[in-house]
Amino acid sequence: MRTRATELFGLDLPLFAFSHCRDVVAAVSKAGGMGVLGALAFTPDQLEIELKWLDDHVDGKPYGVDLVMPAKVQLPEGVKAEDLEGQLEEMISQEHRDWVEKVLAEHNVPPLPEDGPGGHHLLGWTDATARPQIDIAFQHSPSLLVNALGPPPKDIVDAAHERGIKVAALASSPRHAQKHVDTGVDIVVAQGTEAGGHTGEISSVVLWPQVIEAIAPTPVLAAGGIAHGSQIAGALAMGAQGVWTGSIWLTVQEAEAPPAQRDAYLAATSKDTVRSRSWTGKPCRMLRNDWTDAWEAPDSPKPLGMPLQYMVTADAVARGHRYADRAKDVMFNPVGQIVVQMNRVRPVREVIYDLVQEYLEAVERLQRLSPAAEA
Ligand SMILES: Cc1cc2nc3c(=O)[nH]c(=O)nc-3n(C[C@H](O)[C@H](O)[C@H](O)COP(=O)(O)O)c2cc1C
């Protein structure tokens with residue numbers, strides 16, 4: 001399978017896999033696609049460890065790093081990351097903190113132990129906290145730097161290019177995609193609303209061709225709702241140069257997840273997801289549960305914006321992971337509508353093998369439709 005995306009990176013498959021787990025990233029890269037590590041939740045020190053590990057474990061294959069630098073978060077300028085966190089904490093109302101405690105208490109989710117590590121509150125989704133991550137990324141060997149929520153700053157695009165690193169950015173509308181291209185990105189990931197995580201409102205099948213046409217000849221990766229090889233064939237038929245996946249890697253053998261969370265993904269259907277601002281402050285697709293419902297209740301204080309809402313909920317994420325059995329109805333379970341197809345735990349290699357087989361079957365089906373094939 002050769003496309004402009006495979007040629008850019010020397011890949012065997014036009015398959016990009018977003019994951020927070022380094023084992024998944026390495027396994028996809030070694031299988032011929034490109035694993036991309038979601039760096040958002042790592043402190044710079046942790047990211048240093050993860051990227052060193054990847055450099056040592058991808059056998060020289062290309063991998064990527066994904067950051068979240070939202071274009072629309074307004075923060076005081078010139079404040080250092082350490083001071084910024086304190087200032088932002090002061091902006092959170094007691095009502096919001098009490099609401100989190102109330103919802104968790106109703107489900108008997110205990111607090112974190114006093115002496116244990118707390119939740120990481122201010123993630124890498126501000127300029128001040130993402131730039132130290134980028135400095136770390138530049139000390140390692142990623143082939144691709146990706147930005148999630150908005151065009152990456154121009155100076156970062158230029159600095160990546162100087163180091164021979166390609167830059168991609170996620171877009172949920174043709175307008176977003178054009179902004180990315182104007183900033184100089186090499187690849188746009190067109191992500192439909194069915195995707196897991198932060199997502200827009202336009203469905204993949206409507207969005208992909210619009211973006212492909214709007215920014216041609218910039219290569220587009222199709223994202224949102226891909227868990228079957230026929231969907232890859234559909235995306236390539238529309239003109240995408242590859243596919244970008246996220247949800248399917250949540251239930252692979254190599255992924256780290258509390259069993260209660262993995263079971264929730266394995267059991268869920270497409271109707272069980274919802275776009276909710278209840279964890280991060282921006283619309284994010286996840287499993288609907290008592291937590292997402294609580295933040296929709298008439299007496300709820302309503303979610304704050306990004307990054308404040310996650311600062312209120314970070315400990316709840318950590319508590320959910322630590323006490324997953326008790327917290328199973330109030331956990332943060334980001335995932336897309338293709339969760340319905342995630343019903344078996346398989347190793348990464350098997351998932352990729354199946355995707356390729358299904359892709360080939362889809363292409364054969366199309367070939368049988370053409371009169372030339374019948375003759
Ligand atoms: C658990 C989860 C977390 C995600 N976090 C991020 C993120 O930090 N940065 C990002 O660019 N995309 C993130 N995404 C979106 C993925 O990069 C990808 O676009 C999406 O999963 C594709 O749609 P799919 O879920 O239907 O495969 C996340 C997706 C999931 C499922």
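Since the model is a prediction, treat every value here as computed from it, not as a measurement. Only this structure's heavy atoms are used, side chains among them; waters, hydrogens and symmetry mates stay out. Just follow the structure's listing: the first ligand is 1, and inside any ligand the first atom is 1.
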Using the test ring-ring contact (aromatic ring centres under 6.0 Å, His included), find all partners of His57 that sit at least two apart in sequence or belong to another chain.
-> Trp53
Quick one: sort the Phe16 and Phe9 rings into parallel, tilted or perpendicular, breaks at 30° and 60°.
-> perpendicular
Write 'none' if nothing qualifies; otherwise put on separate lines each N/O atom of ligand 1 with a protein N/O atom under 3.5 Å away and their distance to 0.1 Å.
from, atom 1, to, atom 2, distance (Å)
ligand 1, 9 (N), Asp66, OD1, 2.8
ligand 1, 11 (O), Asp66, OD1, 3.2
ligand 1, 11 (O), Asp66, OD2, 2.6
ligand 1, 17 (O), Trp244, NE1, 2.9
ligand 1, 19 (O), Gln191, OE1, 2.6
ligand 1, 19 (O), Trp244, NE1, 3.1
ligand 1, 23 (O), Gly224, N, 3.4
ligand 1, 25 (O), Gly196, N, 2.9
ligand 1, 25 (O), Ser247, N, 3.2
ligand 1, 25 (O), Ser247, OG, 2.5
ligand 1, 26 (O), Gly225, N, 2.7
ligand 1, 27 (O), Gly246, N, 2.9
ligand 1, 27 (O), Ser247, N, 3.3

May I ask you to check whether His140 and Glu48 show a side-chain donor-acceptor distance below 3.5 Å?
-> yes
Looking at Arg2 and Glu7, does any basic side-chain N land under 4.0 Å from a carboxylate oxygen?
-> yes
Under the ring-ring contact (aromatic ring centres under 6.0 Å, His included) test, which residues partner His20, sequence neighbours left out?
-> Phe18
Would you mind writing out the side-chain donor-acceptor pairs for residues 254-269 within the sub-3.5 Å range, not counting sequence neighbours?
from, atom 1, to, atom 2, distance (Å)
Glu254, OE1, Val348, N, 3.1
Glu254, OE2, Val348, N, 3.2
Gln261, NE2, Phe332, O, 3.0
Gln261, NE2, Asn333, OD1, 3.0
Arg262, NH2, Val252, O, 3.3
Arg262, NH2, Ala255, O, 2.8
Tyr265, OH, Pro334, O, 2.9
Thr269, OG1, Lys271, N, 3.4
Thr269, OG1, Asp272, OD2, 3.2

